[in-house]
A.B. asks: 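This structure is in structure tokens; I'll ask about it shortly.
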Amino acid sequence: MEPQRHSRLAVAAFFSSLVGVLTLVGTFAASAYIGSHHPQLVNQQSPVMMVLGLLMLVALLLGLLALGLAIAGLVKAGHKKGLALAGLVLALLLIGGFATLILLGLAAA
């Protein structure tokens, strides 16, 4: 009998969620740096802020993609489930973090 391997769906879920989390964290770090060192760039018309906003949306889309891939990887029979489960957890953290940001933004408005 051939040993079980991780499905490609599980690997894709894990790496897409990991890239999404790193993108979101990098966006926060860039925003904090720009806010503290170049406050004149922090406005709604700034191209830098628009790019950072788009990167946040890319992170959200990667999280949603990872969520679907992780669920598909978990229900696929005959494969290990570790990476699919890790991808699912990271995707849920990413989506939950994004939802928290939206709620904090709405509360501050």
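Residue numbers start at 1 and run along the sequence shown. Hydrogens, waters and symmetry mates play no part in the numbers below; they use all other heavy atoms, side chains included.
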A.B. asks: Under 3.5 Å, side chain of H37 to main-chain N/O of Y33, donor-acceptor pair present?
C.D. replies: yes
A.B. asks: Indicate the atoms forming the closest heavy-atom contact of A84 with A10, along with that distance.
C.D. replies: N-CB, 3.5 Å
A.B. asks: So do L94 and L90 actually touch side chain to side chain, heavy atoms under 4.5 Å?
C.D. replies: no
A.B. asks: For V11, does its backbone N or O pair with a side-chain atom of H6 as donor and acceptor, under 3.5 Å?
C.D. replies: no
A.B. asks: Check for a donor-acceptor pair, side chain of K76 on one end and backbone N or O of R8 on the other, with a separation under 3.5 Å.
C.D. replies: no
A.B. asks: Which other residues end up in the same hydrophobic cluster as V75, if Ile, Leu, Val, Met, Phe, Trp and Tyr are linked when side-chain heavy atoms come under 4.5 Å apart?
C.D. replies: none
A.B. asks: Quick one: closest heavy-atom pair of G73 and K81, and the distance?
C.D. replies: O-NZ, 3.8 Å
A.B. asks: Would you mind listing the cluster partners of L69? Hydrophobic ones only (ILVMFWY), side-chain contacts under 4.5 Å, chaining allowed.
C.D. replies: L9, L65
A.B. asks: Return the minimal non-hydrogen interatomic distance between A70 and G87, and the atom names on each side.
C.D. replies: CB-C, 4.1 Å
A.B. asks: Are L74 and I95 linked, directly or through intermediate hydrophobic residues, by side-chain heavy-atom contacts shorter than 4.5 Å (ILVMFWY only)?
C.D. replies: yes
A.B. asks: Without placing hydrogens or testing angles, list every side-chain donor-acceptor pair under 3.5 Å for residues 44-52, not counting sequence neighbours.
C.D. replies:
unit_1 : atom_1 : unit_2 : atom_2 : d
S46    : OG     : L41    : O      : 3.0
S46    : OG     : V48    : N      : 3.3

A.B. asks: Do the non-hydrogen side-chain atoms of L85 and F14 ever get within less than 4.5 Å of each other?
C.D. replies: no
A.B. asks: Would you check if Q4 and K80 make a side-chain contact, meaning some heavy-atom pair closer than 4.5 Å?
C.D. replies: yes
A.B. asks: Who clusters with L93? Use side-chain heavy atoms, under 4.5 angstrom, across I, L, V, M, F, W and Y, and order the result by chain and number.
C.D. replies: V89
A.B. asks: Connecting only ILVMFWY residues whose side-chain heavy atoms lie within less than 4.5 Å of each other, what is the rest of V58's hydrophobic cluster?
C.D. replies: V19, L62
A.B. asks: Among all residues two or more places apart in sequence or in another chain, which pass the side chain to side chain contact (heavy atoms under 4.5 Å, CB included) test with L92?
C.D. replies: L67, L88
